[in-house]
Q: 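The structure's right below; bear with me while I get my questions together.
Chain naming here is simple, since letters A, B, ... match the order of the sequence lines and numbering starts at 1 in each. What's counted below: heavy atoms across the whole structure, side chains too, no hydrogens, waters or symmetry copies. Given the structure is predicted, the values throughout are model-derived calculations rather than measurements.
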2 protein chains.
Amino acid sequence: MKENKKIPPATVKRLPLYLQCLDQVSDNEIGISSSKLAELAKVNDAQVRRDLSYLGTLGTRGVGYDISTLRNQLQLELGLVEGWSAVIVGIGNLGSALAHYGGFREKGFGIVGLFDDDPKKINSQVAGLVIKPLSDLEKYCEKFNVAIGIIATPGEHAQSVADKLIGCGVRSILNFAPVLLKNVPNVQIRSVDLSQELQILSYYLDRPILKAVD
Amino acid sequence: MKENKKIPPATVKRLPLYLQCLDQVSDNEIGISSSKLAELAKVNDAQVRRDLSYLGTLGTRGVGYDISTLRNQLQLELGLVEGWSAVIVGIGNLGSALAHYGGFREKGFGIVGLFDDDPKKINSQVAGLVIKPLSDLEKYCEKFNVAIGIIATPGEHAQSVADKLIGCGVRSILNFAPVLLKNVPNVQIRSVDLSQELQILSYYLDRPILKAVD
DNA sequence: TAAGTTAGTAAAATATGGAAACAATCCCTA
DNA sequence: TAGGGATTGTTTCCATATTTTACTAACTTA
């Protein structure tokens, strides 16, 4: 467990972005300046320095940041070296897509189980994993020490699935169902609602002067 | 084109949420109070009244809001009655999932075309639509007056696809590729990066005291 | 050693958002 | 028809978060 030096949420949201930007830098580059990174991430350079200063003293004045040190530190701070295990519940189209999605593994997350209660799906394979019934959830969570639950069920089942996941000791939930999940102490919940994203876009579509943020 | 009375971004983000909450209300309920809606949306009741006041004078003092009026006004403000047409580019697992996703149509968006440049995919069907090559994009955009482009390609193709979409007159882009797209005046871009969402979760996983926001 | 670069950080400026509070308005009932 | 209770619309204030500025410290190169 890390100590809780508080990093502002706005900064936390930019850390994965910085990591992504570093991947765009040519492999023979060894260092990078805050202004160059700022340009890639499309933020102010002082912002970059300030954000990175939360991770410690990483750069060298007059020189810049060593790319590999920076990458390591970002990964460390974000917990990407912990090898968190995740399960996906609800293996419809979206769940399957998430199961196949390479970006998770690439960042150090391991999908260790797929779950669905549809008898027609149980025991079939997706992305090299066998779909199991929810009754097997607890067993899996113990065996693999699952920390993250990804919910891709229809809205009406999301809350009960969330409850089950939390009951199994899962401490973080990424929710794709279009419902607002109950808040539970010590459980982190992030929701991605595809339809809401499109609705927000739609609002700004009629108002080209305004600029959507974030 | 709507006049540009400025609604704060934080409010715009809550409007689809209110709409979602209204769907949870029993059908024989005819009205709803700000406090009840606040409870469903998990926000302060003053917040609800303030947010809704941006849409005009919808409620009745001493009574509350008429649900169907409120719903209509939310849909109107969000542009959900405009019948925007959208295309999806990149019909991999995620693109297919998005094509099947019912939440879009339900909210008034019509997916009118699927595009991919993989010869193995072209002319095959997904969700009742035939996958077309990108060279057909312009034709479709004109024919259907496409306003929204959804990008679900690998990161390396996302920017060129975005350029093409914008060239075809698309004014809003929902981007699922893990790259930062170039900003273009009068084009709205929203990005959803699945891996970044998980990374943010991962940060807070090690720090149970802190609470992730938004 | 001097000039040029660049990180780290304190502090100011800005923006935003949330909560409280209250007057205005409506419904209901006696 | 008057009064009490309920609930919105809106103003105002407060708190806080975020961004930017500006400056100092430290390094590199010539």
Side-chain angles (χ1 to χ4, degrees), chain A residues 4-15 17-18 21-22 25 29-71 73-74 77 183 200 210-214, chain B residues 5-15 17-18 21-22 25 29-71 73-74 77 200 203-204 210-214:
Chain A
N4 292 326
K5 47 180 172 177
K6 185 153 161 269
I7 300 186
T11 296
V12 173
K13 284 185 74 169
R14 279 188 294 267
L15 297 184
L17 173 62
Y18 295 144
C21 291
L22 290 182
V25 178
E29 298 285 336
I30 187 166
I32 189 168
S33 66
S34 60
S35 57
K36 172 74 176 156
L37 184 51
E39 186 191 329
L40 293 173
K42 300 201 173 79
V43 297
N44 188 292
D45 59 339
Q47 182 96 265
V48 170
R49 291 199 294 280
R50 196 183 176 150
D51 285 343
L52 297 183
S53 76
Y54 286 108
L55 315 189
T57 298
L58 304 177
T60 310
R61 295 170 192 229
V63 181
Y65 299 89
D66 178 71
I67 292 179
S68 98
T69 304
L70 189 49
R71 185 182 280 119
Q73 204 58 35
L74 284 166
E77 195 72 21
N183 237 0
I200 294 170
L210 302 181
K211 201 66 190 169
V213 275
D214 165 340
Chain B
K5 48 179 171 176
K6 186 153 161 270
I7 300 186
T11 296
V12 173
K13 285 184 72 169
R14 278 188 293 267
L15 297 184
L17 173 61
Y18 295 145
C21 291
L22 289 183
V25 178
E29 299 284 335
I30 187 165
I32 189 169
S33 67
S34 60
S35 58
K36 173 72 177 162
L37 185 50
E39 186 190 328
L40 292 174
K42 300 199 174 80
V43 298
N44 187 291
D45 59 339
Q47 183 95 265
V48 170
R49 291 197 296 277
R50 199 190 168 132
D51 285 343
L52 296 184
S53 76
Y54 286 109
L55 314 190
T57 298
L58 305 177
T60 309
R61 297 174 189 225
V63 181
Y65 300 90
D66 177 72
I67 292 180
S68 97
T69 304
L70 189 49
R71 184 183 283 119
Q73 203 56 36
L74 284 166
E77 195 72 21
I200 294 170
Y203 172 85
Y204 290 104
L210 302 181
K211 201 66 190 169
V213 275
D214 165 9

Q: Just to be sure I understand the rule, does A/Ala46 reach a base, reach only the sugar-phosphate, or reach nothing, if contact means heavy atoms closer than 4.0 Å?
A: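 Base contact.
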
Q: Nearest whole angstrom, please: distance from the P of D/dA22 to the CG of A/Asp45.
A: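 Spelled out: CG on A/Asp45 to P on D/dA22 is 13 Å.
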
Q: Between B/Tyr65 and B/Leu52, is the side-chain contact (heavy atoms from CB on, under 4.5 Å) condition met? List the steps.
A: CA-CA 10 Å; B/Tyr65 300 90; B/Leu52 296 184; 3.7 Å; yes

Q: Can you measure B/Lys42 atom NZ to C/dA19 atom P for me and round it to whole angstrom units?
A: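 Between P of C/dA19 and NZ of B/Lys42: 16 Å.
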
Q: For A/Thr11 and for B/Ser53, locate the closest nucleotide of DNA chain D by heavy-atom distance; then report the residue assigned to the nucleotide nearer the 5' terminus.
A: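 Result: B/Ser53.
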
Q: Please state whether the phosphate of C/dG8, meaning OP1 or OP2, lies under 4.0 angstrom from any side-chain nitrogen or oxygen of A/Tyr65.
A: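 Yes.
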
Q: Establish, with yes or no, whether the OP1 or OP2 oxygen of C/dA19 is under 4.0 angstrom from a side-chain nitrogen or oxygen of B/Asn44.
A: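 Result: yes.
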
Q: Tell me the closest heavy-atom pair linking B/Ser35 and B/Asp45, and the distance in Å.
A: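 Reported closest heavy-atom pair: CA-CB, 3.7 Å.
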
Q: Specify the separation, in whole Å, of atom CD of B/Gln47 and atom P of C/dG17.
A: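 Rounded to the whole Å, the gap is 9 Å.
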
Q: Between D/dT7, C/dT9, C/dC27, which nucleotide gets closest to the side-chain atoms of B/Ser33?
A: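 Within the option list, the nearest is D/dT7.
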
Q: Go through A/Val43 and A/Asp51 one step at a time and tell me if the side-chain contact (heavy atoms from CB on, under 4.5 Å) criterion holds.
A: CA-CA 11 Å; A/Val43 297; A/Asp51 285 343; 5.9 Å; no

Q: Closest to the B/Pro9 side chain: D/dT8, D/dT19, C/dG17?
A: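 Output: C/dG17.
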
Q: What does B/Leu52 touch in the nucleic acid at a heavy-atom separation under 4.0 angstrom: a base, only the sugar-phosphate, or nothing?
A: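 It contacts nothing in the nucleic acid.
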
Q: What's the shortest heavy-atom distance between B/Leu55 and B/Gln73, and which atoms?
A: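 Minimum heavy-atom separation between B/Leu55 and B/Gln73: O-NE2, 3.9 Å.
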
Q: Check step by step if side-chain contact (heavy atoms from CB on, under 4.5 Å) holds for A/Asp66 and A/Ile30.
A: CA-CA 6 Å; A/Asp66 178 71; A/Ile30 187 166; 3.8 Å; yes

Q: If you take atom types as modelled and just measure distance, does the side chain of A/Arg49 reach the base of C/dG8 with a donor-acceptor pair under 3.5 Å?
A: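 When only heavy-atom distances are counted, A/Arg49 does reach the base of C/dG8 through a donor-acceptor pair under 3.5 Å.
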
Q: Would you indicate which nucleotide in D/dT20, C/dC27, C/dA7 comes nearest to any side-chain atom of A/Ser34?
A: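 That would be C/dA7.
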
Q: Could you tell me the separation between the CG atom of B/Asp51 and the P atom of C/dT16, rounded to a whole number of Å?
A: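 So the two atoms are 15 Å apart, to the nearest Å.
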
Q: Can you tell me the distance, in whole Å, between the CG atom of B/Leu37 and the C1' atom of D/dA6?
A: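 Rounding to the nearest Å, CG of B/Leu37 and C1' of D/dA6 are 17 Å apart.
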
Q: Classify A/Thr57 by what it touches in the nucleic acid, base, sugar-phosphate, or nothing, heavy-atom distance under 4.0 Å.
A: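 The answer is sugar-phosphate, as A/Thr57 gets under 4.0 Å only of primed atoms, P, OP1 or OP2.
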
Q: Mind checking the OG-CZ spacing from A/Ser34 to A/Arg50? Nearest 0.5 Å is all I need.
A: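 That separation rounds to 14.5 Å.
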
Q: Taking for each residue the nucleotide of DNA chain D bearing the nearest heavy atom, is the 5' side occupied by A/Thr60 or by A/Arg50?
A: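 In this pair, the answer is A/Arg50.
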
Q: Could you tell me how far apart A/Glu39 (CD) and C/dT6 (P) are, to the nearest whole angstrom?
A: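 Between P of C/dT6 and CD of A/Glu39: 13 Å.
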
Q: What is the nucleic acid contact for B/Ser35, judged by heavy atoms within less than 4.0 Å: base, sugar-phosphate only, or nothing?
A: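 Nothing: the residue B/Ser35, judged by heavy atoms under 4.0 Å, touches no strand.
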
Q: Rounded to whole angstrom units, what separation is found between the CG atom of A/Leu70 and the P atom of C/dT6?
A: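 Taking atom P of C/dT6 as the reference, CG of A/Leu70 is at 16 Å.
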
Q: Please tell me which of the listed nucleotides, C/dA7, D/dG9, C/dC26, lies nearest to the side chain of B/Arg61?
A: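 For the B/Arg61 side chain, the nearest candidate turns out to be D/dG9.
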
Q: Send over the distance from B/Asp66 CG to C/dC26 P, rounded to a whole Å.
A: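 These atoms are roughly 15 Å apart.
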
